[in-house]
Amino acid sequence: MTTPEQAFASRVEAATALSDERRWEEAGRAWIEAARVAVDGRALPSARQVLGLAGEAFRRDDRVDEAAKALRMALSYGPDPVEAVGLQVRLAGLCAELGRGDEGIDRCERARDAASGPMLAMVLDTLAGLLLAYRSKAEARSVVEALSAIPGDAEVAAAFRRAQLLRMDGDLGGARAEARRVVQLLTGRPNAESGLAAARTELAELDLLEGRPLVALGACEEARREHEEAGRRGLALRAEAARVRAAVEGGLEVFPGPLQQGARFAEERGLHVLQLDLRLAAGAAMSRRDPDGARLALQSVVRQAEALGSRLHAGRARLQLLPLLDGEERVRVREQARIDLADHLPLLARVEAT
């Protein structure tokens with residue numbers, strides 16, 4: 001007769017094999033089954049552990065709602081303070097993708113009070129990203145300074161966040177140096193594909209701002225391939241959105257169909273920020289061939305971005321709208337774009353030059 005311990009071990013073995021094969025959805029469901037066995041046997045520490053693994057598997061499969069559900073369930077089973085911090089910060093990271101910026105920031109702030117060491121670095125890294133996306137550069141800067149003061153593994157995250165801040169400050173050379181440092185630190189590390197791809201996407205963004213769209217195009221294609229190899233469809237789509245923006249700026253013809261399909265996928269999965277990235281790129285792709293359609297699409301992006309509280313996405317959409325408008329509407333949109341992009345000096349300069 002199979003004991004509860006044997007049943008749990010069997011399900012853990014199956015889930016681990018699926019994770020090793022990067023079959024993320026199946027792995028997530030297998031981890032959930034393991035958690036059920038643990039809960040039935042009142043082994044709550046084991047249940048919390050495998051629920052955390054379920055959350056990670058679902059996150060990698062872009063099933064953020066299911067990932068959040070698994071992590072909330074783990075929190076409900078009475079984790080110790082260290083476990084609770086880890087679960088809270090991972091939930092905050094999911095909030096960033098779900099467009100729940102205020103909730104994510106609140107979770108990070110609560111976790112920060114109880115965190116130390118490597119866990120504090122994870123909290124600060126997540127909080128910095130949320131503040132850049134949903135609040136202000138000034139608030140994020142103090143968090144990045146605190147992150148930079150933590151020795152050890154925090155170095156990679158701190159360099160990446162410094163690169164983002166420097167880009168928004170207009171110090172593109174300094175941003176490039178920090179992003180290259182991230183690439184150098186991650187090259188050769190196991191399971192670092194996503195981090196490398198994020199750094200290369202940041203470098204591509206700098207190439208775009210410096211007027212080298214075809215260089216950016218190649219970098220985005222490489223980032224997309226790395227994400228695809230890691231089984232990360234959502235991140236691959238984000239790299240594809242950047243690739244399309246680079247292609248349009250380089251004067252190449254791009255059809256918006258694949259981006260629109262990707263945006264529907266993002267909507268189905270609740271990946272609202274990714275959906276904004278894809279719809280922005282689709283609007284850019286439409287702007288020459290179908291300016292009226294592009295205008296309507298970008299106006300819809302503005303409304304969605306404002307509803308989510310993502311001022312940078314709203315500002316980017318308004319910047320793309322400006323060549324498609326005239327008269328009083330153009331003046332009004334330009335003024336609001338100035339406000340939206342006040343923290344992003346290179347894009348603000350583009351608004352002023354339009």
Side-chain angles (χ1 to χ4, degrees), residues 2-41 43-75 77 79 82-83 86-87 89-91 93-94 97 118-119 121-122 125-126 153 156-157 160 182-183 185-201 222-240 265-266 268-271 274:
T2 302
T3 66
E5 291 79 8
Q6 289 171 329
F8 178 75
S10 174
R11 284 161 175 76
V12 166
E13 183 180 358
T16 301
L18 290 166
S19 297
D20 289 343
E21 295 172 14
R22 296 180 176 180
R23 293 160 61 182
W24 299 120
E25 181 189 1
E26 294 171 81
R29 306 210 184 286
W31 288 122
I32 292 292
E33 283 301 315
R36 288 197 180 106
V37 172
V39 170
D40 288 344
L44 295 188
S46 295
R48 291 194 301 267
Q49 182 181 9
V50 294
L51 283 168
L53 293 169
E56 179 62 14
F58 285 134
R59 182 185 71 84
R60 288 175 177 268
D61 198 50
D62 302 306
R63 298 176 185 275
V64 287
D65 283 330
E66 290 185 76
K69 188 183 297 183
L71 296 180
R72 289 192 181 99
M73 193 179 299
L75 274 170
Y77 290 143
V82 174
E83 280 184 294
L87 293 167
V89 73
R90 289 165 66 188
L91 272 169
L94 295 175
E97 289 298 329
M119 193 62 71
M122 185 185 299
D125 178 37
T126 304
D153 287 343
V156 172
F160 183 75
V182 174
V183 171
L185 289 168
L186 290 180
T187 298
R189 282 198 192 184
N191 302 314
E193 301 98 332
S194 293
L196 275 168
R200 291 196 177 107
T201 302
E222 186 175 359
R224 183 189 61 190
R225 284 194 299 271
E226 287 174 332
H227 286 312
E228 287 172 345
E229 289 170 6
R232 304 296 303 279
R233 183 179 178 188
L235 294 177
L237 284 170
R238 180 162 281 131
E240 174 64 8
F265 164 82
E268 289 167 2
R269 297 293 177 91
L271 297 165
L274 172 60

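Basis for what follows: all heavy atoms, side chains included, without hydrogens, waters or symmetry-related copies.
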Original post:
Picking from Arg238, Arg59, Arg90, what satisfies salt bridge (Lys or Arg N to Asp or Glu O under 4.0 Å) with Glu97?
Top reply: Arg238
Subject >> Closest contact, heavy atoms only, Val37 versus Ala7 >> reply: CG1-CB, 4.0 Å
**OP:** Using the test side chain to side chain donor-acceptor pair (under 3.5 Å), find all partners of Arg63 that sit at least two apart in sequence or belong to another chain.
**Re:** Glu25, Asp61
Original post:
Could you give the distance from CZ (Arg29) to CZ (Arg23), rounded to the nearest 0.5 Å?
Top reply: 13.5 Å
**OP:** Answer whether the closest heavy-atom distance between the side chains of Met73 and Val39 falls below 4.5 Å.
**Re:** no
Original post:
Any side-chain heavy atom of Glu56 within less than 4.5 Å of one from Trp24?
Top reply: no
**OP:** Return the minimal non-hydrogen interatomic distance between Gly93 and Thr126, and the atom names on each side.
**Re:** N-CG2, 3.8 Å
**OP:** Could you check if a side-chain atom of Glu193 sits within less than 4.5 angstrom of a side-chain atom of His227, using non-hydrogen atoms only?
**Re:** no
**OP:** Return yes if some donor-acceptor pair links the side-chain N/O of Arg48 with the main-chain N/O of Glu83 below 3.5 Å, else return no.
**Re:** no
**OP:** Tell me, yes or no, whether the heavy-atom count around Glu21 atom CD, taken from other residues, nucleotides or ligands under 6.0 Å, exceeds 12.
**Re:** yes
Original post:
Can any side-chain N or O of Arg36 pair as donor or acceptor with the backbone N or O of Ile32 at less than 3.5 Å?
Top reply: no
**OP:** Identify the heavy atoms of Ala199 and Val183 that sit nearest to each other, and give their distance.
**Re:** CB-CG2, 3.7 Å
Original post:
If you take all heavy atoms of Ala34 and Phe8, which pair is closest and at what distance?
Top reply: O-CD1, 3.4 Å
Original post:
With a 4.5 Å heavy-atom cut-off, do Phe58 and Lys69 have their side chains touching?
Top reply: no
**OP:** Return the set of residues passing side chain to side chain contact (heavy atoms under 4.5 Å, CB included) with Arg224 (not counting sequence neighbours), or none when no residue passes.
**Re:** Glu221, Glu228, Ala236, Ala239, Glu240, Arg243
Original post:
Which atom names give the shortest non-hydrogen contact between Leu186 and Leu196, and what distance separates them?
Top reply: CD1-N, 3.7 Å
**OP:** Mind checking side chain to side chain contact (heavy atoms under 4.5 Å, CB included) for Thr16 and listing every partner two or more places apart, or none if nothing turns up?
**Re:** Val12, Asp20, Trp31
Original post:
Which heavy atom of Ala223 sits nearest a heavy atom of Thr201, and at what distance?
Top reply: CB-OG1, 3.5 Å
Original post:
Below 4.5 Å, heavy atoms only, C-beta onward: do Leu53 and Ser19 meet side chain to side chain?
Top reply: no
**OP:** Give the intermediate values and the outcome of side-chain contact (heavy atoms from CB on, under 4.5 Å) for residues Leu237 and Leu271.
**Re:** CA-CA 11 Å; Leu237 284 170; Leu271 297 165; over 6 Å; no
**OP:** Any chance you could measure Asp62, atom CG, to Leu235, atom CG, to the nearest 0.5 Å?
**Re:** 7.0 Å
